[in-house]
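Only a predicted model underlies this, so the values are computations on that prediction, with no experimental measurement involved. Both counts, for ligands and for their atoms, begin at 1 and track the order of listing. Along the sequence shown, residues carry numbers from 1.
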Amino acid sequence: MVNTQKFIDTAIARIQKDAGDGKVVMALSGGVDSSVCAALAARAIGDRLVPIYVDTGLMRKGETDRIRTLFGDMNLHIVDAADEFFAVLEGVTDPEEKRKAIGERFIRVFEREAQRTGATHLLQGTIYPDRIESEGGIKSHHNVGGMPLHMEFASVIEPLEDLYKDEVREVAGALGLPAEIQHRMPFPGPGLAVRVIGEVTREKVEMVREANAIVEEYLVEEFLPWQCFAALVGQGTGVKGDVRLHGWIVAVRAVFSRDGMTADPLLLPYDVLTSMASKITSEIPGVARVVYDVTPKPPATIEYE
Ligand code: XMP
């Protein structure tokens, strides 16, 4: 980043120009991108910013409470949309269809909220790698390629569209956002849905949510990965309490990266891996097996879908 302060001034001016006299709705997920967007927009247009947190039912454990605590004083509106997200995901197994279904649902929720609040513009925390990967046809990031064309907004404002993640973190620091937000691991827009291979159900999401929480507890503070998480990758035979079961297989992924475009797996100590695996299988009844993914990106992506 050449000049963080100059970026901030330019972004604020641009938001003011694009928004005109209108109200601007945005999805605040609590990640660094959307938090930086919210902070810039709050400076630019004050209470004409309408931040919404959409509880898709696909978020990490404890996330909604965390958001309430962090942004409660920002006039944040929390929308419980889990039922409608699970409804559109029913029977969908193709990864691209899943992403599109989620992206479209997000936009419908925003449109509804925009109507309710009289907002005319949409603000999004799209960053440069999101655009590159969507344009390159690798996958639809929910906040870009998955967006239906018939949107009812006068404009879509994307102040971070030319920044890499580490640059967004610099801006977060300069804006005085809490360190917890500035250094937070990226979390994909479609949430835990891309960490369940195949059809997404409430039951599978519950399992993967618990597994993610255990992985974060073991790895985040001690190993400072760019990202670490668990995914539900299939089923296999297991034996628990003398009973054979067709149990779920959890894959653990922990990577270093600069910008998400390439990534390398962490070389984790064996005792950490075995202890984490044991906790996952003992605390989550349906899980019979845990594997550690040692594939770099490329050829694998970071997420599973
Ligand atoms: P992949 O799986 O493509 O992920 O190697 C690269 C980085 O992007 C995150 N990711 C997303 N972020 N919307 C987002 O905002 C999405 O649809 C999305 N899909 C993946 C992923 O977690 C990783 O950090």
Side-chain angles (χ1 to χ4, degrees), residues 26-38 53-54 56 58-60 63 85 88-89 92 94-107 110 122-148 156 158-161 163-169 181 183-197 200 208-209 212 215-216 219-220 224-231 233 251-266 293-305:
M26 75 163 299
L28 184 58
S29 69
V32 66
D33 303 342
S34 65
S35 300
V36 165
C37 263
Y53 170 76
V54 184
T56 58
L58 304 166
M59 309 303 282
R60 277 174 282 195
E63 195 64 4
F85 276 87
V88 295
L89 287 169
V92 182
D94 178 76
E96 273 304 285
E97 271 181 43
K98 261 190 205 176
R99 283 175 171 273
K100 294 228 155 93
I102 292 169
E104 172 158 4
R105 204 32 37 204
F106 261 112
I107 293 296
F110 295 157
L122 175 69
L123 180 73
Q124 293 205 121
T126 314
I127 64 172
Y128 186 67
D130 300 339
R131 281 203 292 144
I132 293 304
E133 297 218 332
S134 286
E135 282 164 15
I138 298 170
K139 65 174 68 153
S140 308
H141 277 248
H142 92 269
N143 48 3
V144 189
M147 192 192 295
V156 179
E158 298 183 316
L160 312 181
E161 64 183 353
L163 300 191
Y164 282 98
K165 195 68 137 192
D166 53 348
E167 294 172 322
V168 180
R169 292 195 203 283
I181 292 177
H183 300 297
R184 196 137 211 253
M185 286 194 301
F187 184 66
L192 297 173
V194 295
R195 297 181 181 170
V196 171
I197 290 185
V200 176
V208 88
R209 188 174 1 251
N212 267 271
V215 170
E216 289 192 20
L219 305 183
V220 170
L224 303 175
W226 151 272
Q227 228 171 339
C228 65
F229 60 87
V233 295
V252 175
R253 192 126 169 83
V255 295
F256 285 126
S257 178
R258 181 201 163 219
D259 52 19
M261 307 281 277
T262 60
D264 287 304
L266 261 68
D293 185 340
V294 294
T295 330
K297 173 183 181 176
T301 49
I302 296 175
E303 303 289 347
Y304 276 78
E305 286 199 337

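Remark: Ser35 OG to Arg184 CZ distance equals 9.0 Å, nearest 0.5 Å. Of the inter-residue distances, the one linking Phe229 atom CZ with Met185 atom CE reads 9.0 Å to the nearest 0.5 angstrom. Within the model, atoms CD of Glu303 and CZ of Arg99 stand 7.5 Å from one another, a figure rounded to the nearest 0.5 Å.
Listed by atom number, the atoms of ligand 1 under 4.0 Å from Lys297 heavy atoms are 1 (P), 3 (O), 5 (O), 6 (C). Shown in contact with Pro190 at under 4.0 Å from a heavy atom are these atoms of ligand 1, numbered in order with element: 13 (N), 16 (C), 17 (O). Those atoms of ligand 1 that come under 4.0 Å of a heavy atom in Gly260, given as number and element, are 6 (C). Remark: ligand 1 atoms within the under-4.0 Å shell around heavy atoms of Thr301 are 1 (P), 2 (O), 5 (O).
If you look at Pro188 next to ligand 1, the close heavy atoms, those under 4.0 Å, come from the backbone and the side chain alike. Here Gln227 has side-chain heavy atoms under 4.0 Å from ligand 1, and that is the only part of it that gets that close.
Listed for the Arg60 side chain is no donor-acceptor partner under 3.5 Å among the backbone atoms of Gly191. Between the side chain of Gln227 and the main chain of Pro186, a donor-acceptor pair closer than 3.5 Å is present. Put simply, the side chain of Arg131 gets close to the backbone of Glu161: a donor and an acceptor are under 3.5 Å apart.
Across the listed options Arg99, Glu305, Glu303, Gln124, Arg99 owns the non-hydrogen atom lying nearest to atom 19 (N) of ligand 1. Nearest to atom 13 (N) of ligand 1 by heavy atom, out of Ser29, Gly103, Gly189, is Gly189.
Below 3.5 Å of separation, one finds an N or O of Ile302 facing an N or O of ligand 1.
Within a 6.0 Å radius of CZ in Phe256, more than 12 heavy atoms belonging to other residues, nucleotides or ligands are found.
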